[in-house]
Each structure stands twice: as structure tokens, then as C-alpha cells.
Amino acid sequence: MNSKTTKIIYWTGIVLTSLWFGASGFFELTTNPIVWGITQQLGYPAHFIYLLGVFKIAGVITLLIPNKLLRLKEWVFAGVFFDIIFAFVSKICVLGFPATIDAIIAFVMVSVTYFMFRKLYTATYSPAAIQAN
């Protein structure tokens, strides 16, 4: 896979992830009844839902900044994976397997995006590698 294809897949994944988690964060911060109802049904308290919203919006902003904050992006990806895993486990325990389909789709999408991130940026985040992209 060449660098151009990797970039296209990466940025497509970043945009889709940002839309997904940005909308989710927005709905959590604006107390959307559907999102809040499901999240509270899963057993999460109100203060946790607000905190999720804040971190999702901050993470989306970080992901959308090109070629900057690469170490912070690693943390954002970790947070997104934790969010997806916790959502999956909570939903399977409380609502059953059919409710987990969105978490499975999100996990696959973010996994591919993270894999492309790793292909584009070396683990050392050297300035030369960043400028080449």
C-alpha cells in the first residue's frame, strides 16, 4: 500500500471517527434524551456522561489537527478504544448482543484508522518523518 492510499484511508477514518465521537460528545454535553437515557440505563451517573462528552470533543479536536500532537493522539486513540470496549461490555451485560453492533463497527473503524496512523507516523515521531508526510 502506498503512502497516498494510506493517507486517504487514515483521513477518511479520522473524519468518520470525528463525526461519530463528536456527535456523541455533543449529545452527551447537551443532555440529548436518547443518549442520556441509554447511558443511564447502562448504569453510568450524570457527572460521568458530561465528562465523556468533554473528553470526546477534546479528542476530536486533537485528531483533526494534521501532523501535530502525535503523542496526544496516541492517548486519544487509547481513550476511544476504552470508550468502545466499555460501551460493548456494558451493552452486552445490560441490553444484550444486538445492542453492541455499533460498538463492533466503531471498533473495526477505529482499529483500521489507528493502523494507518501507525503506518504514517513512526513510534519515535521524528521530525523528518512528519515533514515527509
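Residue indices begin at 1 and follow the sequence shown.
- The closest side-chain donor-acceptor pair between Tyr114 and Glu74 falls under 3.5 angstrom.
- Using a 4.5 Å cut-off between side-chain heavy atoms of Ile, Leu, Val, Met, Phe, Trp and Tyr, with links allowed through other members, Trp75 and Leu70 fall into different hydrophobic clusters.
- Leu120 and Leu64 fall within the same hydrophobic cluster, where Ile, Leu, Val, Met, Phe, Trp and Tyr residues are linked whenever their side-chain heavy atoms come under 4.5 Å apart, directly or through other members.
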### Test log, rule ring pair (Phe, Tyr, Trp, His ring centres under 6.0 Å), inputs Phe81 and Phe107
CA-CA 7 Å; Phe81 279 116; Phe107 185 82; 5.6 Å; yes

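- Considering only residues two or more places apart in sequence or on other chains, Phe97 meets the side-chain contact (heavy atoms from CB on, under 4.5 Å) condition with Ile92, Thr100, Ile101, Ile104.
- Using a 4.5 Å heavy-atom cutoff, the side chains of Asp83 and Val80 are not in contact.
- Partners of Leu69 under the side-chain contact (heavy atoms from CB on, under 4.5 Å) rule, at least two apart in sequence or in another chain, are Thr62, Ile65, Leu72.
- Shown here for Asn67 and Lys73, the closest heavy-atom pair between the two residues is N-NZ, 4.1 Å.
- Interatomic distance, CH2 of Trp11 versus CG of Leu63, reported as 8.5 Å (0.5 Å rounding).
- Residues Phe117 and Phe77 are in side-chain contact: their nearest non-hydrogen atoms beyond the backbone lie under 4.5 Å apart.
- Annotation: side chain to side chain donor-acceptor pair (under 3.5 Å) contacts of Asn32 (sequence neighbours excluded): none.
- Taking OH of Tyr10 as the reference point, atom CZ of Arg118 lies at 10.5 Å (rounded to 0.5 Å).
- Residue Phe55 places its CZ atom among 12 or fewer non-hydrogen atoms of other residues, nucleotides or ligands, all under 6.0 Å distant.
- Here the side chains of Met109 and Trp20 are in contact, with some heavy-atom distance below 4.5 Å.
- A salt bridge (Lys or Arg N to Asp or Glu O under 4.0 Å) check over residues 37-55, counting only residues at least two apart or in different chains, returns nothing.
- The shortest non-hydrogen separation linking Ser24 to Lys56 is OG-NZ, 2.7 Å.
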Give every donor-acceptor pair under 3.5 Å between a side-chain atom in residues 34-52 and any protein atom, sequence neighbours left out.
unit_1, atom_1, unit_2, atom_2, d
Trp36, NE1, Glu28, O, 2.8
Thr39, OG1, Val35, O, 2.7
Tyr44, OH, Ser90, OG, 2.5

### Task
Under the side-chain contact (heavy atoms from CB on, under 4.5 Å) rule, what do Thr12 and Met116 come out as? Steps first, then yes or no, please.
CA-CA 10 Å; Thr12 301; Met116 294 300 115; over 6 Å; no

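- Put simply, Ile105 and Leu16 are part of the same group of oily side chains (I, L, V, M, F, W, Y) that touch within less than 4.5 Å, one to the next.
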### Message
Would Asn2 and Thr5 count as a side-chain contact (heavy atoms from CB on, under 4.5 Å) here? Give the steps.
### Response
CA-CA 6 Å; Asn2 66 28; Thr5 304; 2.8 Å; yes

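- No path of Ile, Leu, Val, Met, Phe, Trp and Tyr side chains, each step under 4.5 Å between heavy atoms, connects Ile14 with Phe26, placing them in separate hydrophobic clusters.
- For Ile57, the side-chain contact (heavy atoms from CB on, under 4.5 Å) partners at least two apart in sequence or on another chain are Leu29, Ile61.
- One hydrophobic cluster holds both Phe115 and Tyr121 under the rule that ILVMFWY side chains link at heavy-atom gaps under 4.5 Å.
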